[in-house]
Structure formats: structure tokens, C-alpha cells
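Since the structure comes first, as C-alpha cells, the remarks are kept for the end.
Numbering of ligands and ligand atoms starts at 1, following listing order.
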Amino acid sequence: MDPHVLIFPLPLQGPIKCMLKLAELLCLADLQVTFLNTDDSHRRLFRRTGGRAGFKGYRKLHFDTISDGLPDDHPRSADRLTDLVHGLESVTKPRFREMLAYGRLSSGSERPVTCIIADGALNFALDVAEEFKIPLIHFDTISPCGLWTYLCLPKLIDAGELPFQGDDLDAAIKNVPGMEGFLRRRDLPSFCRGSDLNDPIIQLVLEEAQKVPRSHGLILNTFQELDSPILSHMQALCPNLYPIGPLHTHLKTKLTPASPQPAAASTTSLWEEDRSCMAWLDAQPPKSVVYVSIGSLALMTWHQLIEFWHGLVNSGQRFLWVRRPNSVVRGPTGLVPEELVRATEERGCLVGWAPQEEVLAHQAVGLFLTHSGWNSTLESLVEAVPMVCWPYFVDQQVNSRLVSEVWRVGMDMKDTCDRVVIERMIRDLVGTIDGSDEVVESLESVSRLARESVMEGGSSFCNLNRLIEDIRLMKM
Ligand code: UDX
């Protein structure tokens, strides 16, 4: 039977982007792929381009859709994620089951599915796959360091480290093997701060921690050389790991003019990219711009926005700031001080959504003020751009700790949002960019290792080949 992979991402920007890159890589290896989007994500992904635009080069890639159980006008924002969790469980799960039971995939992909690749957070996918005896490989698109804390959650609870006793967020965490020296309570995923272990997100993560080790394998968007201590601990629980990242670099490397299929200019953004910022960047001196983005889910209050703004302006740097629509929490606002408006006109550029990978690769960008989402972190590492981290939730609290204390490629301002701290961190890091400082050296080394890992013979290159071979051998 010919292999046919069904890819099922969590319906959020970060996971969709990663899984689309994986779909492209599998198609380049001539595998048949069906990409299952929720109706809402699919509409947003192709709103401006029509059905398959950008993916036309891939003869063997098909898209299919499924409901996420939420009404069309639901914001699907970070503060309403539990609605999405309920919708997926109550509506998507039974429809997914029907899809596989009756082979109801779109025309053109009627071949039986021989392998499912599903997000680790879609807990029901494993139950359905096991029912129909289809091998399932998990792909956890969050960071491996974040995922490792998820997998250790049962251990943290058994050892009495969770829920926290007392309110000292700087207390050291002892039961996440490999992270004993640097992990504090405040660096655990944000949902660990609650006192109720019955919280739906904690319950979801506990279920994920049970299910991920049961699948045929676990794909990770990292490279062996970056995360090897954590990967070796993780391997004791999940023996079959496929670290094949950084996926965006891996795909770019494979899409050379010599690749078997013509390069397809695919779009993976759920928001419209405002490309005017590229011309603005072209006019700025090398490494002079602070790029600011809090990703696709994080929210800010008006007060935090104003602190960010003062910090940026007071740092004296030029800045390109992504202000995603609806990313400021509804509530009381005020007037923007005149000096901020003036400084922004003089040396700032504001957009609603940017072509981030290109922005980070631009020679004018010297620093990234980020929410520490895993894709953003990897994109910054590959381009050797230092980071000031303002983590918002889930794995981001763990990521920013590794950025500052383990990889030593930036600074972590978690749990503060103060103009003085922002200004100081920007000044400190900008001051090092041209020097031969520890941050610059670490970045250059990580960036080189990342690029080497996806080249012929590199660790991620070989792991992807192994994944492709394993998929070819899978039978229902
Ligand atoms: C996050 C993280 O994926 C993950 O670590 C966490 O567990 C869940 O939420 P997100 O906010 O989407 O998701 O952040 P990130 O992983 O950094 O992904 C955002 C993606 O959008 C990046 O690939 C980035 O290049 C892209 N982006 C962001 C743009 O293309 N344009 C923008 O203006 C901003």
C-alpha cells in the first residue's frame, strides 16, 4: 500500500506553520500528504490567496477541513483557549473519528491513511488512531525544554513541588531532570502557578504526558546539538525521537533550485503580512533596529503597551514593532504621550503583521524583543539575533530561561514590564552586538550548528530521512 500521511495540527498559528513546513518536506520526498485544518484556520490561511495558492507546486499535498466546534465569530484568543479545548473534545473528536471510519477525506486523497502525524496536545487523536490501528507519530511543536516540563508534571505533583507551597517564585525546582541547576518556579509553564490541579489546562497537559510516550514516535522542532541534554532525558520516556528542526531552515535548505520540485512560495500566515516594513528596514543602518513582536496569541494591557513604548523610545534605538490586531486587552486606555508619537515618527515603524523570518534575516535588525514563542526563538537563533524576552504563557517561561541562562543568547525580563528594565536590557544587548562578547559568540555558534544540522549528513537531515523511511514502512 502506498504511504499516505494525515497531518493534524493544533489550530493555532505556531503549530500550523510548523506542520505546513513538515508537510512540504514530506511532499518533497514524494509522500502523499493530507493536511487537516479546522474550518476557521483554513479560511484565514487562504483568505487572500484562494484554495491552494502557494502550495500548487506540491502535486501530492491535499487540504481537508474539520470543525473546531466554535462559532465563526469566536475570537479564539489566548484568554479563551479553554473554549477551544472543549470544542475540540466535544465536536472535532467525533468528526475526526467519522472521517477515519468512513474514509471521508476530500477527493484526491481517497487512499487509506497509513500514518497520522498529530499535535501532542490533540489528545483524542491517539485514541482514534489506536481504534483504527493507524500508526500515529506525535509532533509537539512547542519547545522540547517546555515539553520536558510537561512530561515531568506527574513527577512534580508526586514530589509535592506542585501546586507551589508559599509564594516564593524564586524557589528552585528539583524534579525536572537536566534542569536542576537553573529552573525556578517562575520558569515553569505559566499554568503551574495556579493552586487547582483540576484546572482544565493542567488536566489536558497531564493527559498529554501520558499519551505522548504511547505513540510510534515524537517529532520535535529542534536540532540535536541545541537540546541534547534534554533529549537524552526525554528518550528514556519516548525512545523514538525525531529532532528535525529548525524546520524553517530545513525547508529553505531543501528548496534549492536543484530540488526535485520547483520552489513554491507558500504562505503560512493567518494574518496579512504588511511588507512595507521591508522597504523601511532597507533604509536603516546595519544592526540598528529592535524588532518587537509578541507572536500570535499573547496579549498586553494598555499599561504594558505604554511601558514597552517608553522603554523602546528611551533606549534611543530605531524599532520595528508588530502590533497584531486585538493584541491589547480591552479595558481603560489613555492618551499616548506626545514624545512617544514624535519618536515613533522619527525612528519607528508599526505594522499589524510582518514577514518575520525575512525581518529577522535582514541586516538592519540587531535585537529581538520577543514573547519567547518557540518558532520565534528558533528563527532568532538561526539568524543570530540576540533576544530580550517577555514570556507570556505555556512553554515561553521555560524558553526564556534557557535563552538567558543556558544558551546565553539574551536576557529574560519575565514577570516585569517596566520601562526602565526594557531600556536597560536593550542598551546592554545593543552594546554587545558589535563586540566579541559571550552573547555574540554563543549566537554565532548556535546559528552555525543549526544550519549545519539541516545540511546533508547533519543530525536533523539524517533524522528527517529516518522519519521518511519509517513512514514508508508503516502499514495499517
Ligand atoms: C506560541 C508558541 O508557538 C509556543 O511556544 C507556545 O506554546 C504557544 O504559543 P505563537 O505566539 O504563535 O505561539 O509564537 P511563535 O511560536 O513564536 O510563532 C509565531 C510565528 O508567527 C513565528 O513563526 C513568526 O515568524 C510568525 N510571525 C509572527 C509572523 O510571521 N509575523 C509576525 O508579525 C509575527
(message) As a test of reading the model: which residues have a non-hydrogen atom less than 4.0 Å away from ligand 1?
(response) Gln13, Gly14, Lys17, Ile142, Ser269, Tyr291, Ser293, Gly295, Ser296, Leu297, Val322, Trp353, Ala354, Gln356, His371, Gly373, Trp374, Asn375, Ser376, Glu379, Val394, Asp395, Gln396
(request) Answer yes or no for Arg323 and Trp309: cation-pi contact, defined as NZ/CZ to six-membered ring centre under 6.0 Å and angle to ring axis within 45°. (result) yes
(message) As a quick check of understanding, evaluate side-chain hydrogen bond (donor to acceptor under 3.5 Å, both in side chains) for Asp282 and His362, giving each step before the final call.
(response) CA-CA 8 Å; Asp282 287 343; His362 197 286; 2.8 Å; yes
List the atom pairs, donor and acceptor, that lie under 3.5 Å between side-chain atoms in residues 192-201 and the rest of the protein, sequence neighbours left out.
from	atom 1	to	atom 2	distance (Å)
Arg193	NH1	Asp415	OD1	3.0
Arg193	NH2	Arg186	O	3.0
Arg193	NH2	Asp415	OD1	3.3
Arg193	NH2	Asp415	OD2	3.0
Asp196	OD1	Asn198	N	2.8
Asp199	OD2	Ile201	N	3.1
Asp199	OD2	Ile202	N	3.2

(message) What I want to check is whether the side chains of Tyr392 and Gln397 have a donor and an acceptor closer together than 3.5 Å.
(response) no
(message) Can you confirm whether the side chains of Ser400 and Asp412 place a donor and an acceptor under 3.5 Å from each other?
(response) yes
(message) Can you tell me how the ring of Phe319 sits relative to the ring of Trp321, calling it parallel under 30°, perpendicular over 60° and tilted otherwise?
(response) perpendicular
